[in-house]
Amino acid sequence: MSTLTPYTVELLAQDLRCLMQMRVADLHDLNEWNQAARVVQDRLALSGTTLPHLSETVWHYLIDADTRLKDLQYATMQTERMRLLLELMDRGVLPDEKL
């Protein structure tokens with residue numbers, strides 16, 4: 001039986017940073033981004049109780065790439081929330097409420 005590496009706050013933050021660095025300028029980019037986001041979602045699903053709660057900000061970020069592509073104001077707001085969340089995660093805090 002193999003042991004899975006726990007999906008920690010630090011690993012989640014690393015994955016979210018990678019997603020934030022991906023350029024999404026067209027539908028091709030969007031498809032690639034969504035594939036990468038699904039990997040993060042799968043890791044979260046497999047994490048069990050390692051990460052028992054997540055801010056709504058994370059979930060919306062993982063599923064709203066198409067909206068960010070269409071709406072620059074929404075993209076700016078969501079990116080700023082993610083930056084704030086990542087700052088908190090760097091301090092070991094994983095808020096379970098919307099920022």
Side-chain angles (χ1 to χ4, degrees):
M1 180 174 160
S2 67
T3 304
L4 295 175
T5 302
Y7 197 48
T8 63
V9 172
E10 294 81 12
L11 290 174
L12 174 60
Q14 180 181 359
D15 286 345
L16 291 173
R17 280 192 178 88
C18 288
L19 287 172
M20 289 183 71
Q21 292 174 359
M22 291 178 73
R23 179 179 170 267
V24 180
D26 57 32
L27 290 178
H28 175 74
D29 294 343
L30 178 62
N31 287 332
E32 288 185 1
W33 195 96
N34 281 330
Q35 287 176 0
R38 275 194 283 292
V39 170
V40 175
Q41 291 171 331
D42 290 347
R43 288 178 180 162
L44 287 167
L46 291 172
S47 71
T49 59
T50 306
L51 296 171
H53 62 273
L54 286 178
S55 168
E56 286 182 32
T57 302
V58 172
W59 294 116
H60 282 284
Y61 185 72
L62 291 173
I63 63 173
D64 287 352
D66 59 332
T67 305
R68 287 191 303 276
L69 181 60
K70 297 177 212 171
D71 185 341
L72 182 59
Q73 185 176 1
Y74 182 75
T76 301
M77 178 272 305
Q78 205 172 49
T79 299
E80 186 56 36
R81 284 185 178 170
M82 285 302 299
R83 285 188 179 127
L84 176 60
L85 179 65
L86 286 168
E87 286 177 19
L88 291 170
M89 291 172 77
D90 287 343
R91 292 186 232 147
V93 176
L94 185 60
D96 60 354
E97 297 179 12
K98 189 173 181 179
L99 296 176

L30 versus A65, closest heavy-atom pair with distance = CD1-CB, 3.5 Å

In terms of hydrophobic clusters joined by side-chain contacts under 4.5 Å, are L12 and V39 together?
-> no

Would you please name every residue forming a side chain to side chain donor-acceptor pair (under 3.5 Å) with D90, sequence neighbours left out?
-> R17

ILVMFWY cluster, M22 and L16 together (side-chain gap under 4.5 Å) | yes

Would you sort out whether R43 and L11 count as a side chain to side chain contact (heavy atoms under 4.5 Å, CB included), showing the intermediate values?
-> CA-CA 10 Å; R43 288 178 180 162; L11 290 174; over 6 Å; no

Scan residues 24-42 for pairs that pass salt bridge (Lys or Arg N to Asp or Glu O under 4.0 Å), counting only residues two or more places apart or in two chains.
-> R23-D29

Can you measure from OG1 (T8) to CD (Q14) and round to the nearest 0.5 angstrom?
-> 8.5 Å

For the student: nearest non-hydrogen atoms of A36 and L19, plus distance = CB-CD2, 3.6 Å

Report yes if some heavy atom in the side chain of T79 is under 4.5 Å from a heavy atom in the side chain of R83; otherwise report no.
-> yes

What pair of heavy atoms forms the shortest contact from L44 to W59, and how long is it?
-> CD1-CH2, 3.7 Å

Do L88 and R91 come within less than 4.5 Å of each other through their side chains, counting heavy atoms only?
-> yes

Would you kindly confirm whether M77 and Y61 end up in one hydrophobic cluster when ILVMFWY residues are joined by side chain heavy atoms under 4.5 Å apart?
-> no

What's the shortest heavy-atom distance between W33 and L62, and which atoms?
-> CZ3-O, 3.6 Å

For residues 65-77, which residue pairs qualify under side chain to side chain donor-acceptor pair (under 3.5 Å), counting only residues two or more places apart or in two chains?
-> D64-Y74, R68-Q78, Y74-Q78

Nearest non-hydrogen partners of M89 and V9, listed with the distance = CE-O, 3.5 Å

